[in-house]
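Small disclaimer: the values here were computed from a predicted structure and weren't measured.
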Amino acid sequence: MVVYWRPMEAIRIQAKFIVVSPEKILAPGQIVVRHGRVAHVTNSTGDTPDLDLGESVLLPGLVNAHTHLEFSDLNSPLPANKTFPDWISSVVTHRREQARGWTGEQLEARRRQAIADGFSELYRTGTALAADIITQPWQPDYVPSSDDLADYSAPQPWRRSGLRVAESDYRQHLSPVAAPRLIVMPEMIGLDATRLDETCNWALQLVGEEKAQRRVTFGVSPHAPYSVQLSKIAETLGRLPASTLTAMHVAESTDELQWLIDGEGAFGSSFERLGIPRPKIRPQIEECIALLASRCRSLLVHGNYLTGAQLRTIGQSPSISVVYCPRTHRHFGHPPFPLSAMLAANIRVVLGTDSRASNPDLSLWSEVLQARHQHPDIAPARWLASVTSEAALALGAGDDLGTLDPGKLAYINAFACRSHWTEESLLEELTSSPPTEELGPIPLTMLTR
């Protein structure tokens, strides 16, 4: 007898828990994926699944609101020196050491590998979308393809699945969401007008190019108030669509605040050593907030030292989201992050990993665990939202990501769950301790027959 194989119209996956969103948990549940999107979710298990993942928790793909993949060649964070400018100097030294003795081609190859390593780490740790700050050199083909990730070894929850799907079915239904997407944000930075013009023109060029390449779209990132001229930044942003995602590092350190007040302190001394004239007029935090508020969607990164008045202004500017990087915050020994004040001001707070220059890895879930540890009074559902639904809205991706509702892209992650977990205790358990097994996406190599 000849058995004819028929292509599957969709793939039905079952698990003990499906976290559709921070507000909706199915226990147990099934999710149906068709052509890379969620077609259906249900708490009924009457239909035979194509993949039964047993004692697992399914989660939406995570959304990382701030990272720098170019530093993914670092094995450990650069030490937090006495002053913030000292740490910045070590970052600049790292970049220069990368370039020393290398040809242009060799430098590009090294940068490409660092970005590929960071991208692979995002994939392994369940990130579906990341906002990545970039500097030159950079090319769209630095971003790996789905096929480049095919050798990834799957987490244990997927290995336990007793059923398999054909590779062609996988490619039709799950391959479209087999690798993360990036919002690439060229950094506009320059301590002198020539350098700032150069980076602004580069950003304009990238944003003006075709955006559909290799799951990459573009935003922009004016660096920080101590490294840009706001008039030039405003002029550049005026040449871009107002919808272009814009990110800026603001109120990151006390050294920054001191420099903005009087041009003195560690930044003043650093600029003097570099022979850079101190500008008579320095951008103020309020001006940076106003600039970000003028955009349709923007990210104020860090915000560790914002005042109450500044927080109230941000709270009245719904286009601004604040990005909190918990482990980077800990690395620099900052005072407690003003989270409660931000939430009281109705500010959207989302999480990012920053880079390996200030963080041991790019696991966004580890940021959730650190944030939960630092702020135990905040409900676990809010922390889940800060890396899923709220983060997707902050990055302008709410129509496609952030939940596992029908119509969304089917980026699906999994934890193995413990036997005593219940629907009521699930989010508390997930955000209080590391998973028993790795968080990760559905890989081709383990699910096909």
Side-chain angles (χ1 to χ4, degrees), residues 36 60-75 98 102 104-155 158 167 170-187 206-207 209-219 221 245 352-357 359 361-365 387 395 397 400-401 409-414 438-448:
L62 306 183
V63 178
N64 186 337
H66 179 67
T67 193
H68 301 253
L69 295 184
E70 68 181 68
F71 294 109
S72 299
D73 57 337
L74 286 165
N75 294 321
Q98 277 189 317
W102 293 72
E105 288 185 358
Q106 289 173 323
L107 180 59
E108 285 205 28
R110 185 168 181 171
R111 175 66 64 86
R112 181 195 302 267
Q113 187 60 55
I115 291 172
D117 290 345
F119 187 83
S120 297
E121 187 173 7
L122 295 180
Y123 172 64
R124 292 195 307 273
T125 53
T127 296
L129 174 68
D132 179 31
I133 310 297
I134 64 168
T135 60
Q136 295 171 300
W138 186 91
Q139 296 294 333
D141 64 3
Y142 285 11
V143 181
S145 68
S146 299
D147 290 340
D148 294 329
L149 303 173
D151 292 334
Y152 166 55
S153 178
W158 302 121
E167 181 172 339
Y170 176 93
R171 292 195 176 280
Q172 181 178 14
H173 298 298
L174 290 172
S175 183
V177 286
R181 301 180 180 213
L182 293 180
I183 300 175
V184 171
M185 310 187 77
E187 190 168 71
L206 279 182
V207 176
E209 291 177 350
E210 175 61 42
K211 297 185 178 183
Q213 304 177 63
R214 303 171 74 89
R215 304 171 313 283
V216 170
T217 55
F218 291 96
S221 179
L245 182 66
T353 59
D354 215 325
S355 77
R356 277 181 168 266
N359 209 336
D361 57 56
L362 301 181
S363 168
L364 192 56
W365 198 257
V387 293
L395 269 58
D400 287 327
L401 294 167
L409 290 169
Y411 280 96
I412 303 172
N413 288 317
E438 187 179 7
L439 168 74
I442 304 177
L444 168 64
T445 51
M446 296 306 300
L447 290 187
T448 57

**Study point:** Sequence-distant partners of Gln172, side chain to side chain donor-acceptor pair (under 3.5 Å), two or more places apart
**Key:** none
Exercise for review: List the steps, then state whether side-chain contact (heavy atoms from CB on, under 4.5 Å) holds for Glu70 with Ile133.
Suggested key: CA-CA 8 Å; Glu70 68 181 68; Ile133 310 297; over 6 Å; no
Study note, to complete from the structure: Taking every heavy atom of Thr125 against every heavy atom of Leu362, the minimum-distance pair comes out as OG1-O, 3.8 Å
Exercise for review: Of all the heavy-atom pairs spanning Ala65 and Ala131, show the shortest one and how long it is.
Suggested key: O-CB, 3.5 Å
Check your understanding: Going from CG on Asn64 to OG1 on Thr353, what distance comes out if it is rounded to the nearest 0.5 angstrom?
Key -> 4.0 Å
Exercise for review: Enter the distance from Asp117:CG to Phe71:CZ here, rounded to the nearest 0.5 Å.
Suggested key: 14.5 Å
**Study point:** Backbone N/O of Asn359 and side chain of Asp354: donor-acceptor pair under 3.5 Å
**Key:** no
**Study point:** Separation between CG of Leu129 and CG of Leu182, rounded to the nearest 0.5 Å
**Key:** 7.5 Å
Review point. Looking at Arg356 and Asp73, does any basic side-chain N land under 4.0 Å from a carboxylate oxygen?
Key: no
**Study point:** Nearest-0.5 Å distance, CG of residue Asp361 to CG of residue Leu122
**Key:** 10.5 Å
Check your understanding: Considering all heavy atoms of both residues, which atom of Tyr142 and which atom of Trp138 are nearest to each other, and what is their separation?
Key -> CE2-CA, 3.4 Å
**Study point:** Whether Asn413 side chain and Gly126 backbone form a donor-acceptor pair below 3.5 Å
**Key:** yes
**Study point:** OG1 on Thr67 to CG on Leu364, rounded to 0.5 Å
**Key:** 9.5 Å
Exercise for review: Using modelled atom types only, decide if a donor and an acceptor are shared between the side chain of Tyr411 and the backbone of Gly36 within a distance under 3.5 Å.
Suggested key: no
Review point. What heavy-atom pair brings Val207 and Gly219 nearest, and what distance separates the two atoms?
Key: CG2-O, 3.8 Å
Practice item. Please check if the side chain of Arg181 supplies one atom and the backbone of Thr217 the other of a donor-acceptor pair under 3.5 Å. Key: no
Check your understanding: Who pairs with His66 by ring pair (Phe, Tyr, Trp, His ring centres under 6.0 Å), at least two apart in sequence or on another chain?
Key -> His68, His249, His302
Practice item. Return yes if a side-chain donor-acceptor contact under 3.5 Å exists between Ser72 and Glu121, otherwise no. Key: no
Revision key, fill the gap. Note: Glu187 and Thr135 closest approach over all heavy atoms is OE1-CG2, 3.5 Å
Review point. How would you list, by chain and number, every residue that makes a side chain to side chain donor-acceptor pair (under 3.5 Å) with Ser221, sequence neighbours excluded?
Key: none
Check your understanding: What is the distance from atom CZ of Arg111 to atom CD of Gln139, rounded to the nearest 0.5 Å?
Key -> 11.5 Å
Revision key, fill the gap. Hits for side chain to side chain donor-acceptor pair (under 3.5 Å) against Gln136, two or more places apart or cross-chain, chain-then-number order -> none
Exercise for review: Over all heavy atoms of both residues, which pair between Leu395 and Ile183 is shortest? Give the atoms and the distance, please.
Suggested key: O-CD1, 3.6 Å
Study note, to complete from the structure: The side chain to side chain donor-acceptor pair (under 3.5 Å) partners of Ser363 (sequence neighbours excluded) come to Ser366
Check your understanding: With a 4.5 Å limit on heavy-atom distance, are the side chains of Pro186 and Leu206 in contact?
Key -> yes
